[in-house]
> 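Dropping a structure here in C-alpha cells format, bear with me for questions.
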Protein chains: 2
Amino acid sequence: MIADDHQLFAEGLRDALDSQPDLRVVGVAADGGELLTRLETQPADVILVDLEMPGIGGIEALRSLAGDIPALVVSMHVSDDTLSAARAAGAVGFFSKSASLHRLAAAIRAVAAGVTLIDLDDDQLEEVLAAHDRPQLDPGAASLTEREIEILSMLARGVSSTEELAERLFISQKTVKNHLASIFQKLSVSDRTQAAVEAIRLGLARRP
Amino acid sequence: MIADDHQLFAEGLRDALDSQPDLRVVGVAADGGELLTRLETQPADVILVDLEMPGIGGIEALRSLAGDIPALVVSMHVSDDTLSAARAAGAVGFFSKSASLHRLAAAIRAVAAGVTLIDLDDDQLEEVLAAHDRPQLDPGAASLTEREIEILSMLARGVSSTEELAERLFISQKTVKNHLASIFQKLSVSDRTQAAVEAIRLGLARRP
DNA sequence: CGGGAAATGGGTCACCCGGCCCATATGGGC
DNA sequence: GCCCATATGGGCCGGGTGACCCATTTCCCG
C-alpha cells in the first residue's frame, strides 16, 4: 500500500509497481489518516510512506502502526534528520524519490521477505538489493534463455510473424520456430498468442 | 517525453501514462540537458517538465526549446512565482504533482490538440479537461461490437484456438473466424497474437 | 415500413504454424 | 578433455489460420 499526498506520484508508482509480475498495490492513501483507515479493511505486506503529508504525516502514521507492517519511507528530500526520524518511527528502509524503480522494487521484495534495510551500510544494501533484483518468475519462465526472452518480448509487442521475427533478429525462420517451440514448452502454452499473453502477464513486454 | 530528476516519479508516470491507450511515453530525461539531447533524436508531441532539476533546470530547457514543442510544467510546489516563471518560459500548462493522473492525462490530450491551458481561469480549465477526459480509443477499437469485444477479451486471456472459442460461446467455429476477421480489420492487425496484444493494451483483458 | 448493422453460418484455398525427427558449432563447467 | 546447454539450422507433414467469396435471420432506428 502506498501513502503519498502527491497523487501523480502515487498513481504513477502504483501502475509501475503493478506492472511487476510479483508485486501488487492494494491501495493508495493521500495522508497518514487515510493510510491507517485503509489498513483496517485491507491488509498489506509492505507499505510505502511519504514523510511530508498534510494532516497526519508519515512519521505519526508509522508510530501508530508500531511496526505491525514493514514500512519503507520514500521521501523527497534526504537528510540525516529525516532519516533518523524515519528510523525512530520504525521504518525498515529509506529511499529518495530519486531512486530508481528497479531498486525500489528490489527493496520491496527484500522487506517483504523480512529484511531490515535501514541499518545497513551501502555495501550491504547493494548486496541485499541485488539478491532481490529480478522478480521471482514462474518456475517455467525462470528457465527461459536470453534469446527466448528476447523473442518473447517481441511477441508481446506484436511482432508475431515468423518472417518479421527472423528479419529483426538476423536469423533464419527455422531458428525462430525452434526458439518458439522451446518457449511454448517452458511456459506450458501451445501457440504464440498464449505465449504473448503470458509474456505480458510476466512483465516481459518491456521496451528495449 | 518526461523530464524529471526524481526517477521514481518519472518512471512511475511513464508506466501510468503508457497504460492509457492513446498516450505513449517516448523517453524519460533526468535533467534539462538530457531532455534537449533526447529531443534531437526522438521527436515528441508533448513534454512534461519538472522545474526543479539539477544542472539545466526546466525553465532553461523550456527557453531553449522556444516553444517548439508544447510543454506542461509538473512541479512539486505551486506558487505564483513558479507559475509565472513557467508561463514566461513558454509552458502551455502548469500542474502540481498533487494533481490526479486523470487530469494530467486530459491535459496532455488537450495540449497535444493545440490548446494552451496556462492562461485559462479555473472554469475554463475544467471545461477543457472534461472535453479531453476519456481516452480517444482507436477509431477501429471504438466500433467493436459487443460480441467482438467478448471474443477479444477471451483472446487476451489466452483462449486462442478457434475450437475452444467456439465451444465457450456455443457458436460454430466458422462464426468465430468471421468475428476474428472483423476484429483484425478494425484493429488493423493481421493475426490473433497481435489482436491479443492490442486488446491488453486497450484494457480489454478485464473481468475474470 | 424499409434499410442497415450485427450475429450466425457455409465454402474454398494458399500458406503458415506447431510438432516431430535431426545436425552442427560454440561455449562454459566439472 | 569431456559433457551439456545454447544458438543456429534443415526437412517433413498434418492441420489450423486468415483472406475471399457468399447467405440467412434478427433487430433497431429513422
Side-chain angles (χ1 to χ4, degrees), chain A residues 130 134 137-202 204-205 208, chain B residues 137-202 204-205 207:
Chain A
R134 50 180 172 271
L137 295 178
D138 290 18
S143 64
L144 284 172
T145 310
E146 240 177 87
R147 196 58 150 172
E148 287 163 0
I149 290 178
E150 193 177 1
I151 291 181
L152 198 47
S153 89
M154 294 178 70
L155 251 199
R157 276 184 270 125
V159 185
S160 55
S161 75
T162 306
E163 186 182 3
E164 196 171 356
L165 286 167
E167 279 171 6
R168 294 209 187 185
L169 295 171
F170 305 105
I171 57 181
S172 83
Q173 297 194 15
K174 189 61 192 97
T175 303
V176 171
K177 298 180 77 169
N178 284 340
H179 285 310
L180 283 171
S182 170
I183 290 171
F184 295 162
Q185 201 183 1
K186 290 182 181 177
L187 294 185
S188 307
V189 299
S190 53
D191 58 46
R192 313 177 181 215
T193 302
Q194 291 178 1
V197 171
E198 188 66 7
I200 293 174
R201 200 185 67 77
L202 292 172
L204 294 179
Chain B
L137 288 182
D138 292 20
S143 66
L144 285 172
T145 53
E146 236 174 275
R147 198 57 150 173
E148 286 163 0
I149 290 178
E150 193 176 2
I151 290 181
L152 198 47
S153 90
M154 295 178 71
L155 251 199
R157 280 156 47 221
V159 184
S160 54
S161 76
T162 306
E163 186 183 1
E164 196 171 354
L165 286 167
E167 280 173 5
R168 295 208 189 187
L169 295 171
F170 305 106
I171 57 180
S172 83
Q173 296 194 14
K174 189 60 190 85
T175 304
V176 171
K177 299 181 77 170
N178 283 341
H179 285 310
L180 284 172
S182 170
I183 291 170
F184 295 161
Q185 199 183 359
K186 290 182 181 178
L187 295 185
S188 305
V189 299
S190 53
D191 58 47
R192 313 178 180 216
T193 302
Q194 292 178 0
V197 171
E198 188 65 8
I200 293 174
R201 198 182 70 78
L202 291 173
L204 295 179
R207 255 218 30 70

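The model shown is predicted, which means the values in this text are computed figures rather than measured ones. Each chain gets a letter, A, B and so on, in the order the sequences are listed, and its residues count up from 1.
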> Give the rounded distance in Å between these two atoms: CD of A:Gln173 and C1' of C:dG19.
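A:Gln173 atom CD is separated from C:dG19 atom C1' by 17 Å.
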
> Whole-Å distance between C:dG19 P and A:Gln185 CD?
9 Å

> Could you tell me whether the side chain of A:Asp191 has a donor or acceptor atom within less than 3.5 Å of a complementary atom in the base of D:dG16?
no

> Quick check for you: among D:dT17, C:dC17, C:dA7, whose closest atom lies nearest to any side-chain atom of B:His179?
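Taking heavy atoms from C-beta onward, the closest nucleotide is C:dA7.
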
> Rounded to the nearest 0.5 Å, what separates atom CG in A:Leu152 from atom NE2 in A:His179?
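Nearest 0.5 Å value for the CG-NE2 distance: 12.5 Å.
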
> Among the nucleotides D:dC20, C:dA6, D:dG11, which one has an atom lying closest to any side-chain atom of A:Lys174?
D:dG11

> How many Å lie between CZ on B:Phe170 and P on C:dA7, as a whole number?
18 Å

> Does the A:Thr145 side chain pair with the main chain of A:Arg147, one donor and one acceptor, at a distance under 3.5 Å?
no

> Go nucleotide by nucleotide along DNA chain C from the 5' end; which of B:Ser172 and B:Lys177 gets its closest nucleotide reached first?
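Whichever sits nearer the 5' end wins; that is B:Ser172.
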
> For A:Thr175, answer base if it contacts any base atom (sugar-phosphate contacts may also be present), sugar-phosphate if it contacts only those atoms, and nothing otherwise; contact means non-hydrogen atoms under 4.0 Å.
base

> Roughly, in whole Å, what's the span from CD1 in A:Ile151 to C1' in D:dT8?
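Rounded to the whole Å, the gap is 11 Å.
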
> Do A:Glu167 and A:Glu163 have side chains that get closer than 4.5 Å, going by heavy atoms?
yes

> Between C:dC16 and A:Ser161, is there an OP1 or OP2 to side-chain N/O distance shorter than 4.0 Å?
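No.
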
> Rounded off to whole Å, could you give me the CD-to-C1' distance for the B:Glu163 and D:dG16 pair?
11 Å

> What integer distance in Å separates B:Gln194:CD from C:dC16:C1'?
14 Å

> B:Leu180 CG to C:dC16 P: how many Å, rounded?
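Going from CG in B:Leu180 over to P in C:dC16 covers 19 Å.
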
> Among the nucleotides D:dG18, C:dG18, D:dT8, which one has an atom lying closest to any side-chain atom of A:Arg192?
C:dG18

> Would you say B:Ser190 reaches D:dG18's phosphate, i.e. side-chain N/O to OP1/OP2 under 4.0 Å?
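False: B:Ser190 side-chain N/O out of range (4.0 Å or more) of D:dG18 OP1/OP2.
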
> Is the side chain of B:Gln194 donor-acceptor paired with the backbone N or O of B:Ser190 at a distance under 3.5 Å, no angle test?
yes

> Counting only heavy atoms not in B:Gln185, do more than 12 fall under 6.0 Å of its CD?
no

> From the set C:dT8, D:dA7, C:dC20, return the single nucleotide nearest to any side-chain atom of B:Asn178.
C:dT8

> Would you classify B:Thr162 as touching base, sugar-phosphate or nothing, given that sugar-phosphate means primed atoms plus P, OP1 and OP2, and contacts are heavy atoms under 4.0 Å?
sugar-phosphate

> Rounding to a whole Å, what distance do you find between B:Leu187:CG and D:dG18:C1'?
15 Å

> Of the nucleotides D:dT8, D:dA7, C:dA7, which one has an atom closest to the side chain of A:Ile171?
D:dT8

